[in-house]
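Some notes on the structure that comes next.
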Amino acid sequence: MTVITRFAPSPTGLIHLGNIRTALINWLFARVNNGKFILRIDDTDAERSTKEYADKIKHDLDWLGINYDQTFDQSSRFEVYAKRFQQLKDSGRVYACYETSEELDRKRKLLSAAGGKQVYDRSALKLTDQQKKDYESEGRKPHWRFLMNSERIEWNDLLKGKISIDLTSLSDPVLIRADGVPLYTFTSAVDDIDYKVTNVIRGDDHTSNTAVQIELINALDKCDITFAHHALLQASTGNKLSKRDGVISIESFREQNMEPLAILSLLATIGTSNSIELKKDIKQIIDEFKIETISTSPGRIETDLLNALNKKLVQSLNFIDIKDRLERVDSRIDELFWNSVKGNLSTVEDIKKWADIVFNEDKIDVEDKEFVKQALSVIPAEPWDENTWEAWTAEIKELTGRKGKELFLPLREAFTGMKHGPEMKQLIQLLGREKILNRVNI
RNA sequence: GGUCCCUUCGUCUAGCGGUUAGGAUAUCUGGUUUUCAUCCAGAAGAUCACGGGUUCGAAUCCCGUAGGGACCGCCA
């Protein structure tokens, strides 16, 4: 049997590190098993869903290299849901309810205050035909709940092991809203059946929901989906990752110039027993993926980890790999420039700063004028190479008697305006004799 | 309040009855780089949440407690 997994975001916001981790796990699981990975857009709620977000989600996946074998929108399947709903109606597994949201809300509060179970009391089940007719003539439209029969649902979770949920502690789920829109619990079950999904891998927040869905799928068909629930990621503060928390959205990482591979490396290793390290490529991530290594206890994610991985990645990049990107930043950046400066970058775009330092035409004010003047008096003739700096500074040392920091720091500051930076023996080659003579303000 | 899950160095984790409790990251120190980063070497860091039980022996099995997480929507 072909393994089929899916990632089913609702296009109501940007996806973040937590969501994308779920997507990645599903994708990896499919790839490792030579299976199929489906992207399903859960957009039945037209008011909250936007095409813009759906596009952004696709763009994020695409950017990260998480490709899908198939994609579809739930909004294109309303007829299918209607048919499936009729099936449940025919088998007597759904019932019409006429409470308003406010009434249900009040009921819940009452139950909560009384310390009892906050579970729907199924009072709609006791409605007579006359009462229903009265509601209808009042203009009320019913919403429909699924009647759960089982006491308990058990399954063998691929990650958490044997799970057993008390179904009586859960409300009969609403499948169809009063406005006729089918809800997630229902559409997801239908789609998982129709698209022959074999493995549903998702966050721990769905665990109790899974019991409901198993009951529902069994009412429609026969459930032989293997479920797996991974622990949720927490922010480094211990708070939950919020969808509205812009700083952890994939889009924001892209805007911060993080590399996809750095993000994937982090996501593939955090909350697992794998070493947190930069992976060579996506193939290595696939090769090393084992779903059993994913932890079931909620773990904190420290944002510094991503920065460290990204830095490591940038510094390992060869000129040939990013020639085109550098071209777009500044066409004057050549191989020597890249190799000289990359050790001081955290992101590829950081190179702008060094390009500016090297290429700008501004004068640099020098504090130690006398010393620098002496240094320039023995500036070597071009051509310059790797050894020029050493030879030159040896001469300056001889001339001035300075050594160590006293010798090197003033020169670095005079030529670059910076206290730190790439090795001077490289930098002076990038600058060249004329530029050094011109920019120093003495 | 109910249901389900979790608890080992700062952080992510290995561990399946007998280990000096291992690794990765972060931290610190030394070396390299006459800077920073990298790299190399080393160090420090965990009363295995707590209490009880089972056992010759428990991080590991059982019970309880505490703490954390998730869910309990006409959201997904």
Side-chain angles (χ1 to χ4, degrees), chain A residues 8-13 19 42-45 47-49 97 99-102 104-105 108 111-120 141-145 152 157 159-161 163-171 173-185 187-188 202-212 229 231-234 236 238 240 243 266 269-277 293 295-302 304-305 308-309 311-312 315-316 341-346 390 393 397 403-409 411-413 418-425:
Chain A
S10 69
T12 56
N19 305 332
D42 284 7
D43 59 349
T44 53
D45 188 338
E47 293 208 351
R48 305 195 317 136
S49 304
C97 302
E99 298 92 341
T100 62
S101 298
E102 294 71 36
L104 290 171
D105 212 39
R108 264 193 298 275
L111 286 167
S112 171
K117 287 185 180 183
Q118 295 167 44
V119 171
Y120 178 61
K141 292 264 185 281
H143 58 277
W144 296 83
R145 287 185 192 262
R152 218 158 235 292
D157 196 280
L159 285 170
K160 300 176 85 155
I163 301 285
S164 171
I165 305 268
D166 178 5
L167 260 200
T168 65
S169 72
L170 269 18
S171 300
V174 173
L175 264 30
I176 307 282
R177 291 200 312 215
D179 64 3
V181 173
L183 258 20
Y184 165 80
T185 306
T187 56
S188 181
R202 62 211 326 195
D204 193 33
D205 50 339
H206 283 281
T207 304
S208 38
N209 188 239
T210 292
V212 174
H229 295 89
L232 264 18
L233 253 26
Q234 291 173 262
S236 52
K240 74 173 188 176
K243 207 173 206 173
L266 177 67
T269 54
I270 193 87
T272 76
S273 51
N274 299 72
S275 299
I276 298 167
E277 61 180 15
T293 63
S295 172
T296 51
S297 59
R300 299 179 178 202
I301 184 163
E302 301 205 358
D304 288 353
L305 290 172
L309 290 175
K311 190 183 218 174
K312 198 162 226 174
Q315 299 186 354
S316 74
V341 165
K342 71 177 180 183
N344 290 72
L345 307 178
S346 295
E390 200 183 326
T393 51
K397 189 176 174 183
K403 59 182 182 182
K405 212 173 179 177
E406 290 278 282
L407 170 67
F408 292 95
L409 196 58
L411 296 174
R412 175 180 288 279
E413 286 193 85
M418 305 293 293
K419 281 193 163 64
H420 304 292
E423 287 194 47
M424 284 303 289
K425 70 172 178 182

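Within every chain, numbering begins at 1; the chains are lettered A, B, ... in the order of the sequence lines, protein sequences first and strands thereafter.
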In whole Å, I'd like the distance from the [atom1] atom of [X] to the [atom2] atom of [N].
X	N	atom1	atom2	result
A/Glu99	B/C74	CD	C1'	10 Å
A/Leu167	B/G2	CG	P	18 Å
A/Arg108	B/C75	CZ	P	10 Å

Watson-Crick or G-U counterpart of [N], or none if no pair lies under 3.5 Å:
N	answer
B/G42	B/C28
B/U20	none
B/A66	B/U7

Task: OP1 or OP2 of B/A76 under 4.0 Å from side-chain N/O of A/Thr44 - done: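 For B/A76, OP1/OP2 do have a side-chain N/O of A/Thr44 under 4.0 Å.
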Open item on the list: Would you say A/Arg48 places a side-chain N or O within less than 4.0 Å of OP1 or OP2 belonging to B/C75?
Closed with: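 Answer is no, no contact under 4.0 Å.
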Taking the side chain of [X] as its heavy atoms from C-beta onward, which of [options] lies nearest to it?
X	options	value
A/Lys312	B/U34, B/C39, B/U35	B/C39
A/Ile163	B/U3, B/C5, B/C71	B/C5
A/Tyr184	B/C74, B/A76, B/A37	B/A76
A/Asp42	B/G1, B/U33, B/A76	B/A76
A/Leu104	B/C74, B/G73, B/A37	B/C74

- [ ] Tell me whether A/His206 is stacked on the nucleobase of B/A76, counting only the six-membered base ring and applying the 5.5 Å and 30° thresholds.
- [x]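 A/His206 vs B/A76: stacking yes.
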TODO: Write down the distance separating the P atoms in B/C5 and B/U65, rounded off to the nearest Å.
DONE: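 The same atom, P, in both gives a distance of 16 Å.
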Task: Contact pattern, 5' to 3', of nucleotides 7-12 of chain B - B, S or - by protein heavy atom under 4.0 Å - done: S---SS
- [ ] With sequence neighbours left out, write down each residue that passes side-chain hydrogen bond (donor to acceptor under 3.5 Å, both in side chains) with A/Asn209, or none if nothing qualifies.
- [x]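 In terms of side-chain hydrogen bond (donor to acceptor under 3.5 Å, both in side chains), with neighbours along the sequence ignored, A/Asn209 is linked to no residue.
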